[in-house]
Amino acid sequence: MKEKYELRLSGAGGQGLMLAGLILAEAAGVYDGKNVVQTQSYGPEARGGASKSEVVISEGEIDYPKVVNPDILLALTQEACDKYYPELKEGGTLIVDSFYVKKLPPYKKVVSVPITSIAEKEVGRKVVANIVALGVITEFTGVVSREAIKEAVLSRVPKGTEKMNEKALEVGFRIGRESR
Amino acid sequence: MAKSLEYIRLDKFPHVWCPGCGIGIVMGSIIRAVDKMEINKNDVVMVSGIGCSGRMPGYCDFNTLHTTHGRALSFATGIKLANPKFKVITVMGDGDALAIGGNHLIHAARRNIDILAIIINNWIYGMTGGQYSPTTPLGSFATTAPYGQVEPPFDVLKLIKGSGASYIARGTVYHIRELDKLISGGLQKKGFAVVEVISQCPTSFGRRNKMGSAVEMMKRQKEETVPVKKAEKMSKEELKGKIVRGLFLDEERDEYTERYEKLIAKAKEVHQK
Amino acid sequence: MSKARIMSGNEAVVEGALVAGVRFFGGYPITPSSEIAEVLSRLLPQVGGKFIQMEDELSSVGAIVGASLAGIKSMTATSGPGFSLMQENMGLAFMAEVPCVIVDVQRGGPSTGLPTKVSQSDVMQVRWGRHGDQNVIALVPSSVRESFDLIIDCVNLAEEYRMPVVLLLDEVISHMREKVILPEKDEIKVIERKKPPKGQEKYFPYEITEDAIPPMANFGEGYRYHVTGLTHDETGFPTSDPEKINQVMRRLYQKIEKHKEEIIKVEEKYTEDAEIAIFAYGSVARSAYSAVKEAREKGIKVGLMRPIILWPFPYKKVSDLANKVKRIIVPEMNMGQIIAEVKKVSFGKVKVEGVNRIDGELITPSEIMAKIEEVS
Amino acid sequence: MSGEKVKLKGIEWKRYGPLLLNREWCKGCGICVAFCPKNVLKIGEDSKVFVDKEEDCTSCTLCELRCPDFAILVER
């Protein structure tokens, strides 16, 4: 793995991106033992419209905490994709939910899968789309380990929903694998 | 006899208040209430805002705190919540309690925190030279009401009642035995207790409004007030220009710091799980 | 057990405050500080502490001063607009020498300004927000871990010096989550206020002592003393005697002046051989450090001086720095507030230049780098 | 003896029958005089209270209760 990864998880308020960002940070920091900083949009910004959560993962010290040019950009809405794609690092990975993002930018390294509809079909709940997305990111990019993300997910999701979220993660792993 | 001397800081006397000012009379009444309850002086905290009434804690041999204008109740809230063993008395003027500190007053009442709030109402900002206050009667003169007060005054007791205190009374310094009972009742009350005391400011209010000496002003307290029982039988017409005095509310309600102790027990239980 | 955790600056403040012994919080919610109140409302009662959401910021400081007089370590948290409202009763806390901690998470202003965005524009409000003269102590963390460490220092300093102490966060530090490993409790030093000697008959709450810090008895401990925001003599009673006023007011000032060398805390990186120095604090210091490392890689000799305690200001250290470098750059998220302090002691020695941002975004390393390249 | 000096808590008072006066603290407002049911008290030429008819005092304590200056005490 290279020294430093910048991730941006973007979409709309209510899609669970803040939790996803926190889980990713815990997977990298607590379970994989790396340095990590997570920031996110706050206030009205985080409620309606475009919302984002950013994670910087590094083997070394992290000074500037924000993401400038993400290595990995997750876009769960068309608006987020349009807004943040231009900032994607050259050679970076774009992961979109094709359930919402119909118009793809002219870019080769893109994973386009209907995350939300898969979440509904295979896990039974749309709300776990964020966890499915974490599975995809993990498996496709290797930015965190599978074990770490699993532990982080299980420690953060509400009690009683562990099984459902574990399944969502497994589904994400599978899609990630298939997309490679 | 001489009980009052046990409770005052003798080396600070004579006090700063003008001849005939009623604040000293209120202070005597508060002291008698504390004495009657036999509370250890170390457990009494007296808090004030500023102005003439703000000086009272300086003369009382309790734990005393003279704060900023209008904020007495916020400091008192911190003291009482931090250590509920304290018997906390706040002394405020009408400007203190009802203008700049109005918000703290209604919220202390809403919480029903066990504090005795004495509001000494002399209709005016006395110490600063006689500017009008939220209780200055319509048409009265003040240094900032040279053409007569144009704003209607607060009815203090209605305001408090709407906010949720558990003890509400109004007395005058003229009716001193009654005042002793009202203040003593307020001090014994577990909950937020308000006693409004009608008092005279001969210097800044009386003089400007041609009310005569302190004695004349106290005579007005006798003539212009009616006891609450009597007022119940009087018509609106008869009550015009009269101030009703006495005990208006004495209710048993859950007190804030006791409720908070229960919250702590609950939180500890949740924590242990 | 100490293990790695992911937590925000605001959460770290809560953890640190509890370790330092804070058992009373009175506050009023305001972005970006509200998480401090939210988490404390849950955690304080679990340890027998008290949390109260007051009706406004004026009463919040009133309540914590009251609680502190009752003997409980207390704090509040707010942001710029709320901090403005707190100035009045903070002034009383200075005058009456009541220990308490105020956390100010800076956001953009004036007025409601930029509620959810970062700024460093309260640095002078902290210093000069109140009327009258007083020395202040304000700490500026640059990381989540440091937020934990410095809130403990704040509580300790407040108790030690009998005064309000400010933890000056900014929105970036308060909201960002970082991996931290917190120290064990037994590794943390907690200071309690100096009390009058046991059995002492007469107590002067504002006694003129050698260290300029009078011992503090709590309400209820038998001394029944008087506390006022008016100028007072050593007994605590109001006085208008110029000699007495002078004595007490100068002692108040001396309290910090006398101990400033012990209080001041500065971190330096690569300053030994630096030709250009960056003076940065709070979140901006992170960007500055990033720029310093980049510049060093390019062979430009740049160093960083970062005040961990902003007030009292490290004038001596900055003056020494100005003696050895050719330029000082002061990046800050305001129109140039701390730069004036740097200039005060650099005047005639070295040119001082700012990098300023007031749009709610954190200054980036590349903006600082551009300035470095411009002046090198 | 009327006018006898008495020390209470280190402060000097003068006794007139059941009444103890502290003329140092009296500001001469006249409240005690005006509301004494038996007209026992008067304001002197020095604008301070004095006991005029100590034999009429019934120890009702109204003067003590209403004195804003804590300058009168009544023995009962």
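Please read all numbers here as calculations on a predicted model, not as lab measurements. Below, read A as the first sequence line, B as the second, and so on, with proteins coming before strands; counting in each chain starts at 1.
- Annotation: the span from C:Glu57 atom CD to B:Ser74 atom OG amounts to 12.0 Å, rounded to 0.5 Å.
- Counting heavy atoms from C-beta outward, B:Asn63 and C:Tyr225 have side chains that stay 4.5 Å or more apart.
- Between chain B and the options C:Ala63, C:Gly26, C:Ser74, heavy-atom pairs under 4.5 Å are most frequent for C:Ala63.
- If you take CG on B:Leu263 and CZ on C:Phe51, they are separated by 10.5 Å, rounding to the nearest 0.5 Å.
- Using a 4.5 Å heavy-atom cutoff, the side chains of B:Phe75 and C:Asn89 are in contact.
- Counting heavy-atom neighbours within 6.0 Å of B:Lys12 NZ, excluding the residue itself, gives a total above 12.
- No other option in C:Ser68, C:Ser60, C:Gly220, C:Gly236 has as many heavy-atom pairs under 4.5 Å with chain B as C:Gly220.
- With a threshold of 4.5 angstrom between heavy atoms, C:Leu92 approaches chain B through side-chain atoms but not through N, CA, C or O.
- Between C:Leu230 and B:His66, some side-chain heavy-atom pair lies under the 4.5 Å cut-off.
- Residue B:Glu261 touches chain C through its side chain alone, counting heavy-atom pairs closer than 4.5 Å.
- Atom NE2 of C:His226 and atom CZ of B:Phe62 lie 13.5 Å apart (nearest 0.5 Å).
- Contact count versus chain B (heavy atoms, under 4.5 Å) is highest, among C:Val65, C:Val61, C:Ile52, C:Ile64, for C:Ile52.
- To the nearest 0.5 Å, atoms OG1 (C:Thr228) and CZ (B:Arg55) are separated by 7.0 Å.
- Proximity to chain C (any heavy atom under 4.5 Å) is restricted, for B:Lys85, to the side chain, taken from C-beta onward.
- Here the shortest heavy-atom pairing between B:Ile264 and C:Pro45 reads CG2-O, 3.5 Å.
- Counting heavy-atom pairs closer than 4.5 Å to chain C, the top residue among B:Asn83, B:Thr64, B:Val47 is B:Thr64.
- Side-chain contact between C:Asp56 and B:His104: present, with at least one pair of heavy atoms (C-beta onward) separated by less than 4.5 Å.
- Two residues are said to be in side-chain contact when any heavy atoms from C-beta on lie closer than 4.5 Å; C:Leu69 and B:Leu65 meet this criterion.
- Neither the backbone nor the side chain of C:Leu43 comes within less than 4.5 Å of any heavy atom in chain B.
- Taking all atoms of both residues into account, the shortest heavy-atom contact from B:Ile79 to C:Gly66 is CG1-O, 3.3 Å.
- Using a 30° and 60° split on the angle between ring planes, C:Phe219 and B:Phe86 fall in the perpendicular class, above 60°.
- With a 6.0 Å radius and a threshold of 12 heavy atoms from other residues, nucleotides or ligands, C:Lys195 has its NZ atom above the threshold.
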Inset, instruction - Determine, stepwise, if the pair C:Glu55 / B:Arg111 fulfils side chain to side chain contact (heavy atoms under 4.5 Å, CB included). - result: CA-CA 11 Å; C:Glu55 51 272 18; B:Arg111 293 186 186 106; 2.8 Å; yes
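- Of the two parts of C:Ser41, neither the backbone nor the side chain holds a non-hydrogen atom closer than 4.5 Å to a non-hydrogen atom of chain B.
- A distance-only check finds no donor-acceptor pair linking the side chain of C:Arg224 to the backbone of B:Asn42 [under 3.5 Å].
- A salt bridge links C:Glu88 with B:Arg71: the distance from a Lys NZ or Arg NE/NH1/NH2 to an Asp or Glu carboxylate oxygen falls below 4.0 Å.
- Interface residue B:Arg9: only side-chain heavy atoms are found under 4.5 Å from chain C.
- The backbone N or O of B:Leu81 lies less than 3.5 Å from a partner atom in the side chain of C:Lys50, making a donor-acceptor pair.
- Crowding of C:Tyr28 atom OH: a count of heavy atoms from other residues, nucleotides or ligands under 6.0 Å not exceeding 12.
- In this structure, CG on B:Asn103 lies 7.0 Å from OG on C:Ser59, to the nearest 0.5 angstrom.
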